[in-house]
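Structure first, then comments.
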Amino acid sequence: MAPEFLKSVLKSAARIRAVELAIAAHYGEEKMRCPTHLCLGQEITPAVFGALSRAVDVFFGTYRSHGHYLAKGGDLLRLFAELLGKREGCSSGVGGSMHIIDQSAGFHGTSAIVGATVPIAAGAALSRARRNAPGIAVSFFGDAAVEEGIVMETVNFAVLHQLPVIFVCENNRLCVTTPLELRTPNDQLFRRFESFGLVGERVEAAEPLLLAAAAERAYEACCEFRGPQFLEVTTDRWATHVGAEWSGPADSWWQDPESAAAARCPLAQLARALLSQGAVTKKELGEWAGAARVEAEAAFRAASILPDCVPDDNSAFLYATGLEATLPVGEWRPRAAGGGAEPSKLVNPF
Amino acid sequence: MDAPRELSYAEAIAEATDQAMQLDRSVIVIGQGTRDRGHIFGTVAGLFEKYGPERIIEMPLSEAAVAGVAIGAALDGLRPVLILQRTDFVFLIMDQLINQAAKWRFTFGGRGRVPLTLRLITGKGWGQGPQHSQSLHATFGHFPGLRVAMPTEPDDAKGLLLNAIFSDDPTVILETRPLFARRGEVPEAPYTRPFGRARILRPGSDVTVVATAYLLPEALAAAASLAAEGISAEVIDPVSVSPLDQAAIIASVSRTRRLVVADASWAPFGFASELAAIVGEKLFGVLSAPVRRVTLPFTPAPTARALEQAYYPNAATVAAAVKSVLSPPV
């Protein structure tokens with residue numbers, strides 16, 4: 001893959017990591033008062049898909065989606081503002097970390113309910129197909145979502161109707177703290193998707209070149225054939241399910257990518273590959289990491305001084321339309337002239 | 001120029017759907033049985049032949065996922081009409097309906113529109129039994145973020161369905177199967193009827209009867225027989241559950257000073273109880289008698305004909321309730 005593309009992936013992942021670390025560093029101050037699920041260790045998958053996607057594509061994520069939001073181009077200041085309960089938050093302070101959106105970037109929402117946005121992403125893809133509109137949908141979810149019936153139902157529907165959607169399962173083998181082996185007899189999650197005729201790949205996040213290549217194949221196939229694709233990414237989660245505790249080589253990926261400690265860090269592994277290609281220098285990597293840290297800190301400070309939410313704003317958010325909608329102006333013809341049969345006069349007692 | 005024209009309730013729904021699909025290419029229908037010769041009780045008759053599989057989507061029996069797909073399609077610019085032939089199956093989609101659709105726009109601070117219409121059909125009689133007969137309007141009315149209506153007149157069925165389809169919010173239309181053959185005057189040109197507006201179907205001065213679903217015609221029959229005894233009952237069709245037209249009900253009860261609610265569901269925490277609470281709060285000193293609730297016995301619906309006949313309240317039950325509030329025991 002082109003070094004420029006891989007560099008953009010690494011920069012994006014480094015930015016996500018810096019943002020998550022900034023949240024972790026400030027979380028204990030209790031100014032971000034909402035359940036927050038960090039994606040430390042998992043940044044590379046959203047970064048890859050963010051770099052592949054175009055503005056016209058739409059992403060749907062989960063309660064652990066700061067990375068997907070940022071990778072798609074979501075506004076950083078508004079993300080911090082959302083976590084801090086500010087009026088200028090990306091969801092006006094109503095949603096918090098689990099409910100983030102940036103429509104202008106094509107990031108169309110998340111949910112606290114596991115698996116819930118998977119059919120919603122497929123629905124967006126149905127809309128694109130029916131409207132002959134450009135763009136695809138990308139649905140991100142974790143391994144536990146595969147245990148939800150609605151996700152399997154959605155895959156069946158998406159294959160049946162050949163919807164332009166990519167299902168991306170980020171398998172960190174953890175449901176809160178419950179490991180995969182306590183939840184399923186077959187941990188080869190991609191096999192379940194195959195049974196619906198959705199043949200995908202399983203790649204490791206710690207092998208970012210393979211991941212990027214597989215993601216690119218899925219993305220291009222989805223765009224070209226306008227049909228569903230699947231990718232399973234096995235990954236490590238270094239943060240607790242929720243909250244700011246973390247462990248792992250999160251803050252040193254650029255320092256010694258050759259070290260044993262960096263073997264499980266997708267950022268370090270991508271850095272190592274780019275270094276060996278001569279595409280970057282260690283100095284550049286350090287500059288990227290530093291710039292990401294500075295940007296995250298500055299944005300956090302800027303968000304901190306924004307005005308707080310105003311309690312009486314809320315009811316205006318509930319409905320888009322009043323009690324009566326306006327009919328579109330258009331042609332209509334009586335049913336008899338329209339070619340449709342009259343409703344059945346049969347009364348079926350069942 | 002239009003001569004008065006009668007349609008059945010089912011025909012009015014089919015006409016509204018057809019007109020919506022003519023007016024806007026983004027309107028699609030998703031349901032089970034769209035190509036069946038029963039045409040979902042006639043309510044989608046002719047649509048598949050006219051609009052084809054791209055817009056009349058026959059669903060796999062995956063209610064939850066299909067509801068999510070409809071929400072996502074709505075967020076991305078379509079106007080889906082999702083039909084469940086039996087209201088009872090809605091429990092399979094409650095996460096998508098309540099956690100996702102109803103809360104989506106609010107959760108994101110007023111961002112995103114979910115122009116989803118959910119048509120639910122509630123059965124009664126002919127042994128529909130405990131899982132084919134539930135009217136869940138109180139459940140939907142409980143949650144902010146939905147618009148909920150349960151029309152009983154054919155013209156309301158058409159106007160509210162068109163309103164629901166072209167509203168940018170998630171809406172639930174509860175249809176009552178025993179009313180599908182009910183006929184009434186329905187204007188032919190497309191029109192909307194608003195949410196939040198009740199309708200006085202029979203004016204009266206002695207007592208207000210608010211009735212829902214199949215109990216609405218029963219209440220009208222009761223009012224007719226009571227009139228022969230010199231009792232003047234005003235019969236109100238709430239039409240819209242959320243929002244509820246409180247003003248219309250309060251105005252009526254202010255005049256009659258008595259309220260009977262005949263609701264085709266259970267009493268606890270239900271629609272009838274909500275009306276009793278509203279009237280109790282707003283008209284405490286005005287009432288001449290306690291509010292009386294006519295509701296289903298607090299068991300699921302039985303199947304056998306003899307049991308079913310005893311189970312469902314009817315015109316006689318409503319008439320007896322009216323008489324009881326006119327002569328309250330001291």
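Chain letters run A, B, ... following the sequence lines, proteins first and then strands; every chain starts at 1. Atom set for the values below is all heavy atoms of this structure, side chains included, hydrogens, waters and symmetry mates excluded.
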| task | Compare every heavy atom of B:Pro144 with every heavy atom of A:Leu318, then report the nearest pair and how far apart it is. | result | CD2-CB, 3.9 Å
| field | Flag side-chain contact, heavy atom, 4.5 Å: A:Ser91 against B:Thr107 | value | no
| said: Looking at B:Gln131, I'd like to know if its CD atom is crowded, meaning that more than 12 non-hydrogen atoms belonging to other residues, nucleotides or ligands lie closer than 6.0 Å. | reply: no
| task | Please determine, among A:Ala122, A:Ala129, A:Gly109, A:Gly96, the option with the most heavy-atom pairs under 4.5 Å with chain B. | result | A:Gly109
| With a 4.5 angstrom heavy-atom cut-off, which part of B:Glu63 approaches chain A: side chain, backbone, both or neither? | backbone
| Note: B:Arg111-A:Asp102 ion pair, threshold 4.0 Å (strictly below) | no
| task | With a 4.5 angstrom heavy-atom cut-off, could you sort out which part of B:Asn163 is near chain A: side chain, backbone, both or neither? | result | both
| task | Give me the contact list for residues 132-143 of chain A versus chain B, heavy atoms only, anything under 4.5 Å, ordered by residue number. | result | none
| request: Check each atom of B:Asn99 against the heavy atoms of chain A and say whether the ones under 4.5 Å are side chain, backbone, both or neither. | output: side chain
| Distance-only, no hydrogens or angles: does the A:Glu153 side chain make a donor-acceptor pair with backbone N or O of B:Val66 under 3.5 Å? | no
| said: As an exercise, state the distance from OG of B:Ser167 to CD of A:Glu324, rounded to the nearest 0.5 Å. | reply: 11.0 Å
| query | In terms of heavy-atom pairs under 4.5 Å, which option from B:Gly196, B:Gly77, B:Gly127 contacts chain A the most? | reply | B:Gly77
| said: Tell me if a side-chain donor or acceptor on B:Asp169 pairs with a main-chain N or O of A:Ala320 at a distance below 3.5 Å. | reply: yes
| said: Below 30° counts as parallel, above 60° as perpendicular, anything between as tilted: where do the rings of B:Phe108 and A:His99 land? | reply: perpendicular
| query | Tell me, side chain or backbone of A:Gln103 under 4.5 Å from chain B's heavy atoms, or both, or neither? | reply | side chain
| query | If you count heavy-atom pairs under 4.5 Å between each of B:Val44, B:Leu92, B:Ile13, B:Asp95 and chain A, which one has the most? | reply | B:Asp95
| Is a side-chain donor or acceptor of A:Tyr319 paired with a backbone partner of B:Gly145 at a separation under 3.5 angstrom? | yes
| What part of B:Tyr191 lies closer than 4.5 angstrom to a heavy atom of chain A: side chain, backbone, both or neither? | backbone
| Pairwise side-chain contact, A:Phe157 with B:Pro60, heavy-atom cut-off 4.5 Å (strictly under) | yes
| request: Identify the two heavy atoms, one from A:Thr154 and one from B:Ala65, that lie closest to each other, and give their separation to 0.1 Å. | output: OG1-CB, 3.5 Å
| query | Hey, mind stepping through A:Arg130 and B:Glu54 against side-chain contact (heavy atoms from CB on, under 4.5 Å) and telling me if it holds? | reply | CA-CA 7 Å; A:Arg130 289 298 182 268; B:Glu54 293 280 302; 3.5 Å; yes
| query | With a 4.5 angstrom heavy-atom cut-off, which part of B:Leu78 approaches chain A: side chain, backbone, both or neither? | reply | both
| request: Go through the steps to decide whether A:Leu126 and B:Ile57 satisfy the test side-chain contact (heavy atoms from CB on, under 4.5 Å), and finish with yes or no. | output: CA-CA 11 Å; A:Leu126 175 71; B:Ile57 299 174; 4.2 Å; yes
| query | Can you check whether B:Gln96 reaches A:Ile120 side chain to side chain, under 4.5 Å on heavy atoms? | reply | yes
| query | Side chain, backbone, both or neither: which part of B:Arg193 has a non-hydrogen atom closer than 4.5 Å to chain A? | reply | backbone
| field | Interface moiety of B:Pro170 toward chain A, non-hydrogen atoms closer than 4.5 Å | value | neither
| said: For A:Leu163, which atoms come within 4.5 Å of any heavy atom of chain B: side chain, backbone, both, or neither? | reply: neither
| remark: Cut-off 4.5 Å, heavy atoms of chain A, and the answer for B:Ile28 is side chain
| message | For the backbone of A:Thr321 and the side chain of B:Arg147, can you confirm whether one donor and one acceptor N or O come within less than 3.5 Å of each other? | response | yes
| task | Spell out, as yes or no, whether a donor-acceptor pair under 3.5 Å connects the side chain of A:Ser127 to the backbone of B:Asp76. | result | yes
| message | Between A:Ala116 and chain B, with a heavy-atom cut-off of 4.5 Å, which part of the residue counts as in contact: side chain, backbone, both or neither? | response | both
| said: Less than 4.5 Å to any heavy atom of chain A: does that hold for the side chain of B:Gln100, its backbone, both, or neither? | reply: side chain
| message | Could you work out, with salt bridge (charged side-chain N to carboxylate O under 4.0 Å, His left out) as the rule, every residue matching A:Arg33, not counting sequence neighbours? | response | A:Glu30
| remark: If one checks every heavy atom of A:His108 against chain B at 4.5 Å, the contacting part turns out to be backbone
| said: Run B:Phe106 and A:Asn314 through side-chain contact (heavy atoms from CB on, under 4.5 Å) and show every step you take. | reply: CA-CA 8 Å; B:Phe106 180 82; A:Asn314 291 354; 3.9 Å; yes
